[in-house]
Amino acid sequence: MPELPEVHTFQQYFDAAALQQRIMQVEVHDDKIIRNMDGFSFAERLRERTFTGSLRQGKYLFADLDNGHSVLLHFGMTGDLKLYQDPGERPRFERFAFVFTDGNRLGFDDARKFARVLYLEDRDAYIAESGLGPDALVISEADFLAAMGQRKTSLKGFLLNQSCLAGVGNLYADEICYRTRVHPGSTVASLPDKKRREVYAKLQEVLHTAVEQSPHYRDYPEQWFWNEWRHEGHLAPDGKSKVESAKIAGRTTYWAAPWQRKY
DNA sequence: TGTGATGTTGAATG
DNA sequence: GCATTCAACATCAC
């Protein structure tokens, strides 16, 4: 589920569910996804703390605490949040839950355990050290073009590289390539300047559209734009090009040829 | 029943 | 040293 727009949705959900809430305890069922301490220490650190704010950068969601520290929530492939009261509603793959003093519980559900949760004493230092790039919704055109530079990687590989820009994942990367009519395997260095600006414009368009729609994401995932074309054999708008797929930059990638030109 | 999955990391390679 | 690629991670759903 989670690329930038989905994490944006998680942030809104988290804010409504957890801000100004005091943590009575943290119930840890499986601390595999807590990456920098064991479950007991994690719970110990969080007890009696209150969530005061949140910050999203790319797919990373930082939950700030009243002691100046933060909790990093990264949702991996299958992470999700669920607020509930009745323990019977506990999500099937809940790994831990914040139990608030008002009786609500915020569960972190994650079937595949690819999520990463860290307790951070200094969120900004962590962002600096981790090399996480600027958020894809915030990056300026000039910075985007500079990040492209003369890279020899594919456009797809560039868009997925979280240290170049943070937030684009496999599906949105394909969508951006489709809309700009660039083959995802095109070498970044050989893209003409005009095309680079177009990629930036479509990146903004796609992400802004998705963020606007994100409140409905859970209800209407099947209506997401790529669902219409991201199937092998689908006809592109030219009525001739058919969708093909292959592994590019390590991920399954769909594009329409020759609708999307290779540079 | 085998295959692939909306992500990241760290090792290996160029 | 830097850029890039790729296997590994763990488990579910089709």
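Numbered from 1 within each chain, the chains take letters A, B, ... in sequence-line order.
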Return the 5'-most residue of the pair Tyr60(A), Tyr254(A) with respect to DNA chain B, ranking by each residue's nearest nucleotide.
Tyr254(A)
Mapping Ser154(A) and Ala111(A) to their closest nucleotides on DNA chain C, which lands nearer the 5' end?
Ser154(A)
Under 4.0 angstrom, heavy atoms only, what part of the nucleic acid is Arg116(A) near: base, sugar-phosphate, or nothing?
sugar-phosphate
Taking dT1(B) as the reference, what is the distance to dC9(C) when you measure between their C1' atoms (whole Å, please)?
22 Å
Determine whether the aromatic ring centres of residues Phe62(A) and Phe14(A) are separated by less than 6.0 angstrom.
no
Please report the distance, rounded to the nearest Å, between CZ in Phe75(A) and P in dT6(B).
18 Å
Centroid separation Phe75(A) to Phe108(A) less than 6.0 Å:
yes
Please tell me if His74(A) has a side-chain N or O lying less than 4.0 Å from either OP1 or OP2 of dT8(B).
yes
Euclidean distance, atom CG of residue Asp80(A) to atom P of dG7(B) [Å, nearest integer]:
15 Å
Residues from residues 87-94 of chain A sitting under 4.0 Å of DNA chain C, heavy atoms only?
Arg92(A), Phe93(A)
Per the side chain to side chain contact (heavy atoms under 4.5 Å, CB included) rule, which among Ile176(A), Ile248(A), Leu159(A) passes with Pro184(A)?
Ile248(A)
Whole-Å distance separating the CG atom of Leu61(A) from the P atom of dT8(B):
14 Å
Any side-chain N or O of Arg251(A) below 4.0 angstrom from OP1/OP2 of dG7(B)?
yes
Before you tell me yes or no, could you show the steps for Lys202(A) and Thr180(A) under side-chain hydrogen bond (donor to acceptor under 3.5 Å, both in side chains), namely the whole-Å CA-CA distance, both residues' side-chain angles and the distance that decides it to 0.1 Å?
CA-CA 7 Å; Lys202(A) 293 295 179 188; Thr180(A) 48; over 6 Å; no
Whole angstroms only, please: what is the CZ-C1' distance between Arg35(A) and dG10(B)?
13 Å
Residues at least two apart in sequence or cross-chain that pass side chain to side chain contact (heavy atoms under 4.5 Å, CB included) with Ala201(A), listed by chain then number, are none
Honestly curious: do Trp255(A) and Leu160(A) fall in one hydrophobic cluster under the side-chain, below-4.5 Å linking rule?
no
Bounded by its outermost nucleotides with an atom under 4.0 Å from a heavy atom of chain A, the footprint on DNA chain C reads dT4(C) to dA13(C)
Classify the nucleic acid contact of Gly169(A) as base, sugar-phosphate or nothing, counting any heavy atom under 4.0 Å across all strands shown.
sugar-phosphate
Spell out, yes or no, whether Val99(A) and Phe42(A) are grouped together once hydrophobic residues are joined by side-chain heavy atoms under 4.5 Å, including indirect joins.
no
Can you pull out every salt bridge (charged side-chain N to carboxylate O under 4.0 Å, His left out) where at least one residue sits in residues 95-104 of chain A? Sequence neighbours excluded, please.
Asp30(A)-Arg95(A)
Could you tell me the separation between the OH atom of Tyr172(A) and the C1' atom of dG7(B), rounded to a whole number of Å?
15 Å
Please report the distance, rounded to the nearest Å, between CD in Glu175(A) and C1' in dT6(B).
13 Å
Remember a base hit wins even if backbone is also touched, and classify Phe158(A) as base, sugar-phosphate or nothing at under 4.0 Å, heavy atoms.
nothing
Might you work through the salt bridge (Lys or Arg N to Asp or Glu O under 4.0 Å) test for Glu198(A) and Lys194(A), ending with a clear yes or no?
CA-CA 6 Å; Glu198(A) 219 177 299; Lys194(A) 189 183 170 195; 5.5 Å; no
Strand DNA chain C as a dot-bracket string - pairs counted if Watson-Crick or G-U with both distances under 3.5 Å, | where the partner lies in another strand
.||||||||.||||
Can you list the residues that meet the side chain to side chain contact (heavy atoms under 4.5 Å, CB included) rule with Gln204(A), with sequence neighbours excluded?
Leu137(A), Ile139(A), Tyr200(A), His208(A)
Test item: side-chain donor near acceptor, Glu6(A) and Tyr172(A), under 3.5 Å:
yes
Kindly check if the number of other-residue, nucleotide or ligand heavy atoms within 6.0 Å of CZ (Phe40(A)) is above 12?
no
Spacing between Ile248(A) atom CD1 and dT6(B) atom P, to the nearest angstrom:
14 Å
In whole angstrom, what separates Lys247(A)'s NZ from dT3(B)'s P?
13 Å
